[in-house]
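Residue numbers run from 1 in the order of the sequence given. Start at 1 and go down the list; that is how both ligands and their atoms are numbered.
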Amino acid sequence: MDLKVNLGKDSYKIYIKQGLLDHILEHIEPLCKGKQVMIISDDQVYSHYGQKLTQQLSQCYRVGQVIIPHGEQSKRFDILPDIYHQLLAFHLTRSDAIIALGGGVIGDLAGFVASTFLRGVQFIQIPTSLLAQVDSSVGGKVAVDLPEGKNLVGAFKHPGAVFIDPLTLKTLDQRYINDGMGEVIKYGCIFDQSLFQQLLSYTSFDDLYQDIDEIIYRCVDLKRIVVEKDLLDFGDRLALNFGHTLGHAIEQYYHYEKYSHGEAISIGMVQLSLIAEKKGLTQKGTANQIKKALDLYHLPSVAHIPTEELKKAMALDKKNINQKLSFVLLKEIGDCFIYPSDLSFIDESREV
Ligand SMILES: NC(=O)c1ccc[n+]([C@@H]2O[C@H](COP(=O)([O-])OP(=O)(O)OC[C@H]3O[C@@H](n4cnc5c(N)ncnc54)[C@H](O)[C@@H]3O)[C@@H](O)[C@H]2O)c1
Ligand SMILES: O=C(O)C(=O)C[C@@H](O)[C@H](O)[C@H](O)COP(=O)(O)O
Ligand SMILES: [Zn+2]
């Protein structure tokens, strides 16, 4: 199953196929014409798939590896100099390529490195977590976190291609399957009521796994459509941020240690919908429907943090346009809209 993101000269293909990682060289070789490639990965992912990728690439390229500790703490601004030093020591040039092998942390970090090192080198995404396969590897947003907030330093860097092998999900911890389902549920909430209903029907991971290729395809296709319409995130694309205004602030509040991204936005989607229901902006019962879906995937829907505590981080949200935040709200499941407001919007609740 292939898709193409149509962005003029920045267009790229997304390949989705079980077992793709076993013969990936034949796809990479026509794209990367340089002599060297640098794989950026984390210790956990590299231990599963690093050798397989390195062995294949070594048939055509001089191959290097930058391996960082796994986890969101590695997606931080001050890790960058060490990575740049490793690229320089390897003598990576502008005609070479960086390959991200990992989850969303690696994709965002390696993509930011690829967009800045030598003012930009070619970049390939091989997403290995569910979250990265359904969301983060597509769309070109790359970033690192600051102590003050998520993704505050970033760029748009389009990959040359995205290679999704759903077989890699077999080694992914259940917590991160659930984490990825947070973003899948988001897609159902904002754009696709039938996807949302479908997600309520699975009784186990094996059951879900039967349909995983189709679910990944559906999410990525929904993302492709809004990204093609509004690449730079000032209009339709903002919808993809449903739950993120609160979610990112919750991640930051706990110094990126307590909640994973998918968990934090799950709380954000429910709590924001509760507030919007109270204001008559969202159909009553919607937050409860979202909570039911999240419960099935063991995702949280409340954090018990005073809303006052989250305001500082929320004020730094990138959806701030002309001093108003663009809150993403649902009319009902499957139908979203942008609601510009200042932070007093969340005063409706004392805690989230
Ligand atoms: N750029 C975007 O559009 C976008 C979209 C959504 C999320 N994000 C970002 O993505 C990040 C979260 O991504 P994530 O949830 O993938 O986190 P992650 O990259 O930390 O991966 C989660 C964990 O799973 C492990 N892992 C990944 N693939 C594996 C596999 N196949 N087998 C075994 N272990 C594996 C990793 O080592 C890590 O411990 C956040 O920083 C978030 O802000 C970005
Ligand atoms: O691609 C987008 O646009 C998204 O909003 C997807 C989100 O799931 C993702 O978490 C993104 O990184 C958030 O973007 P940000 O602009 O709020 O940092
Ligand atoms: Zn997200």
Side-chain angles (χ1 to χ4, degrees), residues 21 40-50 67-76 100-112 125-145 149-159 164-187 190 219-220 222-224 226-227 230-245 247-249 251-252 256 259-266 268-269 314 316-320 325-326 328:
L21 207 47
I40 301 187
S41 190
D42 72 33
D43 51 352
Q44 237 160 236
V45 174
Y46 196 82
S47 73
H48 288 291
Y49 305 105
I67 311 295
I68 61 163
H70 63 276
E72 183 74 28
Q73 265 84 19
S74 285
K75 202 184 109 176
R76 55 176 213 278
L101 173 71
V105 163
I106 288 297
D108 280 15
L109 176 66
F112 185 74
Q125 286 265 22
I126 307 182
T128 60
S129 70
L130 181 60
L131 183 144
Q133 297 186 350
V134 297
D135 195 337
S136 66
S137 60
V138 173
K141 277 189 181 176
V142 296
V144 289
D145 305 330
K150 279 274 296 188
N151 300 340
L152 288 184
V153 179
F156 288 94
K157 173 74 179 173
H158 303 293
I164 300 176
D165 182 349
L167 270 186
T168 59
L169 302 179
K170 294 274 186 192
T171 55
L172 186 65
D173 202 84
Q174 186 62 46
R175 179 182 179 197
Y176 288 101
I177 295 288
N178 297 337
D179 171 70
M181 289 308 291
E183 296 277 19
V184 178
I185 291 168
K186 174 193 81 177
Y187 281 104
I190 55 177
C219 293
V220 164
L222 289 167
K223 182 158 187 179
R224 175 192 67 77
V226 275
V227 165
D230 173 34
L231 178 63
L232 297 180
D233 204 20
F234 284 103
D236 292 12
R237 183 173 182 163
L238 293 168
L240 299 176
N241 238 257
F242 177 50
H244 285 59
T245 314
H248 279 170
E251 284 184 77
Q252 187 274 343
Y256 314 110
Y259 291 110
S260 68
H261 180 70
E263 291 165 352
I265 65 146
S266 296
M269 291 189 288
M314 287 176 68
L316 301 174
D317 191 287
K318 286 180 285 332
K319 293 184 303 304
N320 188 332
L325 281 186
S326 311
V328 184

Hey, does the side chain of [X] reach the backbone of [Y] with a donor-acceptor pair shorter than 3.5 angstrom?
X	Y	answer
Q252	K150	no
D236	V226	no
D43	P69	no
D173	Y176	no
N151	A143	no
K223	D135	yes
D230	G235	yes
H48	Y46	no

Discussion item. Under 3.5 Å between any N/O of N151 and any N/O of ligand 2: does that happen in this structure?
Written reply: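 There is such a contact, yes.
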Worksheet item: Does an N or O anywhere in D108 fall below 3.5 Å from an N or O of ligand 2?
Response: no
If you count the atoms of ligand 1 from 1 in the order shown, which ones are under 4.0 Å from a heavy atom of [X]?
X	answer
Y49	31 (N)
D108	1 (N), 2 (C), 8 (N), 9 (C), 44 (C)
H70	37 (O), 39 (O)
V45	26 (N), 27 (C), 28 (N), 29 (C), 35 (C), 37 (O)
D179	15 (O)

Quick one, [X] and [Y] - any side-chain contact, counting heavy atoms below 4.5 Å?
X	Y	answer
I185	S266	no
F242	M269	yes
V144	L109	yes
R237	K141	yes
L231	H158	yes
Q133	L169	yes
L240	K186	yes
L325	T245	yes

Inter-residue atom distance [X].[atom1] - [Y].[atom2], 0.5 Å rounding:
X	Y	atom1	atom2	value
D145	H248	CG	NE2	8.0 Å
L21	I164	CG	CD1	12.5 Å
I126	T168	CD1	OG1	10.0 Å
L130	C219	CG	SG	8.0 Å

Which ligand 2 atoms, with their elements, are less than 4.0 angstrom from a heavy-atom of [X]?
X	answer
H261	10 (O)
R237	1 (O), 2 (C), 3 (O)
K318	15 (P), 16 (O), 17 (O), 18 (O)
K186	6 (C), 7 (C), 8 (O)
K141	1 (O), 2 (C), 3 (O), 4 (C), 5 (O), 14 (O), 15 (P), 16 (O)

Which one holds for [X] and ligand 1: side chain close, backbone close, both close, or neither close, with close meaning a heavy atom under 4.0 Å?
X	value
K223	side chain
D145	neither
K141	both
T168	both

Nearest neighbour in protein (non-hydrogen) for [atom]:
atom	value
atom 35 (C) of ligand 1	L172 CD1, 3.4 Å
atom 9 (C) of ligand 2	H244 NE2, 3.8 Å
atom 28 (N) of ligand 1	T128 OG1, 2.8 Å
atom 6 (C) of ligand 2	D135 OD1, 3.6 Å
atom 41 (O) of ligand 1	E72 OE1, 2.6 Å
atom 43 (O) of ligand 1	K150 NZ, 2.7 Å
atom 7 (C) of ligand 1	L131 CD2, 3.3 Å
atom 36 (C) of ligand 1	D42 OD2, 3.3 Å
atom 33 (C) of ligand 1	T171 O, 3.1 Å
atom 18 (P) of ligand 1	V105 CG2, 3.8 Å

Practice prompt. Consider ligand 1: state whether an atom of it lies below 4.0 angstrom from any non-hydrogen atom of E183.
Written response: yes
Worksheet item: Near the Zn ion (ligand 3), meaning under 2.8 Å, how many protein N/O/S atoms are there?
Response: 3
Out of [options], whose heavy atom sits nearest [atom]?
atom	options	result
atom 2 (C) of ligand 1	S136, S47, A264, G104	S136
atom 5 (O) of ligand 2	N241, I265, D317	N241
atom 38 (C) of ligand 1	K157, Q44, K75, H48	Q44

Fill in: Side-chain donor-acceptor contact under 3.5 Å, Y49 with S41
no
Practice prompt. Could you tell me whether ligand 2 has any atom less than 4.0 Å away from a heavy atom of K319?
Written response: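 No, K319 has no heavy atom closer than 4.0 Å to ligand 2.
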Practice prompt. Heavy-atom distances under 4.0 Å are what count here, so tell me which part of K150 touches ligand 2: side chain, backbone, both or neither.
Written response: neither
Practice prompt. Could you tell me whether K319 and D317 make a salt bridge, using a distance below 4.0 angstrom between a side-chain N and a carboxylate O?
Written response: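 Looking at D317 together with K319, the answer is yes, because their closest N to O distance falls below 4.0 Å.
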